[in-house]
Every structure is written in C-alpha cells, then in structure tokens.
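To start, the structure under review is shown below, and the notes come after it.
These figures come from a predicted structure and were not determined experimentally. For reference, positions follow the sequence shown, starting with 1.
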Amino acid sequence: MFAARPKFLVIAAAVFTSFCLLLYTLSGTTSIAAFEDKAIDATHYGQEVVTGTITEGAEAVEDVIEDVVVKPKNRRRAIVSSVQTDSFAPLAMAMGYSLMKSNDLDAQDVDMLLLVREGAVNATNIAKLEQVGWQIRKMQDLVFEGVNYDDIRPWHRYNLNKLIIWQWEEYERIIFADADMLIKGDIGELWDMPGDFAATPDSWPENIQDIRFNSGFILVRPSKIEYEALAVKVSDKKYHRPDEADQAFLNVYWRFRAYMLPYAYNFNLVLFRFHREVWDNLWPEAKVIHFTTRKPSIKNKCATNPDCAERPVLEWYSWMFQSMVEEYGWKDMPIHE
C-alpha cells in the first residue's frame with residue numbers, strides 16, 4: 001500500500017504543473033506587475049522612468065528591462081541671461097564659463113538658459129555658447145502696447161524681453177544676469193531668499209548707494225499672473241516712461257517691495273572707478289562683477305592700455321577669457337579685454 005504513494009504523487013505533481021503552465025499561457029503579462037512597481041519606486045530618487053510595451057512570452061522580462069529609459073528630473077531653478085547681437089555672444093560665453101567654474105549647478109538644481117533674439121546670433125557662436133553650458137532659447141521680441149521701441153536707447157532697446165522669465169512657472173526661482181558680468185563666487189544662498197523679487201542697489205559716480213536697484217542681476221519668483229500685471233503696467237504711459245526700458249520700469253513696479261541684496265551680487269564697475277576704497281574693501285566678498293562703465297572688447301582694449309582707468313579689473317577679465325579659450329581650444333576666438 002505504501003509503495004503506491006510515490007506513483008500517485010508523481011501523477012498529482014504533473015497535473016499541478018500542467019495547470020500552472022496553462023494559467024501562465026493565458027495571462028502572459030500578469031507577472032510584469034512587480035517590475036512596474038520597481039519603476040514607480042525609482043521616481044523617489046528624482047528620476048522619471050518610462051517603460052516600453054510589454055510583450056508576452058519568455059522574453060517579456062528582458063523586453064521590459066531593455067525598454068526602461070531614465071530621464072533627468074526637471075530642474076527647480078534657472079539662471080538666465082540674454083544675447084541680443086553677435087557682439088555680445090563672447091561676453092555670454094565668458095559669463096557662462098565663470099558661472100560653471102564657481103558654482104555646483106547640479107547641487108543647486110539649476111538650469112542655464114540663454115535668451116537669444118531670433119536670427120541675431122550666428123551658428124558658430126551658438127555652438128560655442130552651448131559648449132560652455134547654455135541651453136539656447138530663441139525668441140521673438142516681446143511687443144507691448146504703448147511702447148515705442150525706437151524711442152528706447154539702442155543698447156537697451158530689447159531689454160524688455162527679459163520680462164518673459166515671469167512666465168516660466170516650471171521653475172521655482174529664476175536669476176537673470178546680464179551677459180556683461182562674470183560670476184566670481186558661489187551664489188547658491190540666493191535661492192533661499194524671501195519675497196518675490198530681489199536686486200542690488202545701483203551705484204553712480206556721484207552717488208555710491210542709490211535707493212533704486214540695478215536690473216542687471218535680479219532674482220524673481222515666476223508667476224504668469226505677475227507677468228500679466230507687468231504687461232499691463234509697462235504699456236501704461238502714465239505709470240512710467242516707456243522709453244527708459246526695463247530698469248526704470250521695474251524700479252517703479254517693485255518700489256517698496258523689492259528685497260535689496262548686498263553689493264556682492266552686482267559689484268558695479270562704477271565702484272572701482274569712482275569709489276575705489278569701497279571697491280577694495282568689498283572685493284574679497286564680491287560674487288558677481290558687472291562691467292558697466294567699460295565693456296570687455298577686442299577693439300577698445302583696456303587690459304593692455306596703461307591709460308585705462310579700469311585696467312586692473314579688465315586684466316582679470318582677460319585672464320578668465322583666456323582660460324576659457326584655452327580650455328575649449330578655440331583658436332579662432334580673439335581675446336576680449
């Protein structure tokens with residue numbers, strides 16, 4: 001009697017195995033649920049996981065693994081600059097290079113975005129700008145009712161284009177920095193600043209600290225609602241003088257509401273020429289250098305001109321520019337100084 005049991009067990013096992021195989025054949029995709037759970041778990045590590053089509057059969061698991069694509073998560077913040085002509089493209093290259101050298105943008109969760117007027121910058125310069133880290137965003141000029149662009153000073157004519165950054169709600173915070181700047185230090189602490197708008201007091205030869213700010217370096221909290229309000233006010237001739245471009249307008253709009261940053265975040269070259277003692281005292285703390293009174297150039301060279309009032313600072317700029325050119329092997333790029 002006991003000898004018959006092994007035979008019975010063998011038959012029972014065979015029947016059970018056949019039944020399981022039948023179920024597997026009828027429901028080839030049910031075993032994939034566990035892998036879908038794994039894909040969902042991966043999003044907890046700041047990644048978006050996309051799975052491909054699941055096929056039936058023995059290769060199903062291999063197909064799922066091969067089709068998984070890991071995409072970087074969108075950045076929370078952005079640093080933006082703009083280039084309106086080819087002549088300013090090299091300055092934006094140097095600014096982007098200095099930014100990358102002095103800041104860990106991955107740790108800060110920051111994108112580098114460059115506004116370029118449609119058709120204003122040639123393909124060679126676009127390639128170099130991308131090489132130093134800029135993501136190019138080509139744009140048509142913003143048009144606001146009541147603003148006659150021909151009345152605006154030529155070198156400020158397209159500065160109102162920067163208002164577009166208020167529309168970019170995919171970012172929590174945005175820093176806009178003029179291309180004629182170099183980033184000298186870590187600016188990461190700015191992302192935790194309070195309020196919706198921050199900037200640095202302006203400086204003039206006769207006035208070391210203006211109650212108004214310089215709009216060359218601003219920190220904003222994007223909001224489409226705010227953009228619509230800006231668009232209404234910039235078109236109102238009774239509210240401001242439209243021929244004065246962005247700086248005068250933004251000073252009126254953010255009056256009594258702007259959070260004022262230290263000089264370190266817009267270290268104006270005016271201080272070097274007209275308030276040298278202040279410049280020398282604050283230089284070690286400076287984070288962002290703004291070349292306002294003297295633009296680095298291949299024509300009006302200052303670094304090698306003993307009569308240039310800003311020569312020491314332009315020598316420093318020339319050294320930074322030369323370092324960039326050598327690192328990227330741009331033998332055709334003349335040095336700006």
Side-chain angles (χ1 to χ4, degrees), residues 75-84 88-89 91-96 98-100 102-103 105 108-117 120 129 132-139 141-142 144 155-184 187-193 195-202 212-224 226-227 229-231 234 244-254 257-268 287-292:
R75 302 280 190 168
R76 295 165 48 214
R77 303 152 177 157
I79 294 177
V80 181
S81 191
S82 67
V83 172
Q84 301 169 5
F88 251 62
L91 304 188
M93 295 172 202
M95 198 271 269
S98 67
L99 174 63
M100 294 284 287
S102 56
N103 286 262
L105 299 184
Q108 294 180 30
D109 205 16
V110 171
D111 277 334
M112 286 175 56
L113 307 177
L114 187 67
L115 292 173
V116 176
R117 295 182 62 238
L129 288 163
V132 299
W134 289 114
Q135 300 176 39
I136 306 299
R137 291 201 177 186
K138 295 182 180 180
M139 67 174 294
D141 294 331
L142 295 179
F144 299 103
W155 54 93
H156 292 154
R157 185 159 293 160
Y158 305 106
N159 285 4
L160 287 174
N161 284 342
K162 73 172 60 169
L163 299 186
I164 194 68
I165 66 176
W166 268 274
Q167 289 199 20
W168 297 348
E169 290 182 333
E170 63 268 31
Y171 297 106
E172 296 176 6
R173 288 295 184 97
I174 292 177
I175 288 174
F176 182 94
D178 281 349
D180 59 345
M181 292 179 159
L182 282 187
I183 311 302
K184 176 175 170 282
I187 60 176
E189 67 177 0
L190 289 182
W191 303 117
D192 297 321
M193 288 291 168
D196 296 328
F197 183 91
T200 300
D202 212 346
R212 295 163 296 183
F213 57 79
N214 183 290
S215 65
F217 188 92
I218 58 177
L219 172 67
V220 310
R221 190 190 306 277
S223 164
K224 291 181 180 178
E226 196 78 73
Y227 175 82
L230 286 161
V234 78
E244 292 184 341
D246 68 303
Q247 180 159 300
F249 165 64
L250 290 173
N251 267 281
V252 173
Y253 186 87
W254 291 104
R257 298 187 295 144
Y259 184 90
M260 287 299 184
L261 299 173
Y263 276 133
Y265 289 103
N266 194 338
F267 208 48
N268 197 323
K287 310 273 191 178
V288 180
I289 315 303
H290 196 176
F291 293 82
T292 50

Any side-chain donor-acceptor pair under 3.5 Å between Gln84 and Asn159? yes
Does any non-hydrogen side-chain atom of Met100 lie less than 4.5 Å from one of Leu105? yes
Sequence neighbours excluded, which residues qualify as ring pair (Phe, Tyr, Trp, His ring centres under 6.0 Å) partners of Phe267? Trp279
Mind checking what makes ring pair (Phe, Tyr, Trp, His ring centres under 6.0 Å) contact with Trp166, not counting sequence neighbours? none
Return the set of residues passing salt bridge (charged side-chain N to carboxylate O under 4.0 Å, His left out) with Arg173 (not counting sequence neighbours), or none when no residue passes. none
Can you list the residues that meet the side chain to side chain contact (heavy atoms under 4.5 Å, CB included) rule with Ala89, with sequence neighbours excluded? Val83, Met93, Val121, Asn125, Leu129
Taking the side chain as every heavy atom from C-beta outward, state whether Phe197 and Arg257 have any atom pair closer than 4.5 Å. no
Salt bridge (charged side-chain N to carboxylate O under 4.0 Å, His left out) against Asp180, all qualifying residues, sequence neighbours excluded: Lys295
So, taking the atom named CD1 in Ile289 and the one named CG in Leu182, what distance separates them when rounded to the nearest 0.5 Å? 7.5 Å
Should Asn268 and Thr292 be marked as a side-chain hydrogen bond (donor to acceptor under 3.5 Å, both in side chains) after you check the CA-CA gap, both sets of side-chain angles, and the distance that decides it? CA-CA 6 Å; Asn268 197 323; Thr292 50; 2.4 Å; yes
For Tyr265, what residues pass the ring pair (Phe, Tyr, Trp, His ring centres under 6.0 Å) criterion, not counting sequence neighbours? none
Arg212: what forms a salt bridge (charged side-chain N to carboxylate O under 4.0 Å, His left out) with it, not counting sequence neighbours? Asp210
By ring pair (Phe, Tyr, Trp, His ring centres under 6.0 Å), which residues pair with Tyr227, not counting sequence neighbours? none
Only counting residues at least two apart or in another chain, list the ones meeting side chain to side chain contact (heavy atoms under 4.5 Å, CB included) with Ser81. Met95, Leu114, Trp134, Ala179
Among all residues two or more places apart in sequence or in another chain, which pass the side chain to side chain contact (heavy atoms under 4.5 Å, CB included) test with Arg76? Asp109, Glu172
Residues in salt bridge (charged side-chain N to carboxylate O under 4.0 Å, His left out) contact with Glu169, at least two apart in sequence or another chain: none
Nearest-0.5 Å distance, CD1 of residue Ile165 to CD1 of residue Ile79: 11.5 Å
Electrostatic pair Asp111-Arg77, nearest N-O below 4.0 angstrom: no
Once side chain to side chain contact (heavy atoms under 4.5 Å, CB included) is applied, do any residues pair with Ala198, and if so which ones, sequence neighbours excluded? Leu219, Tyr259, Leu261
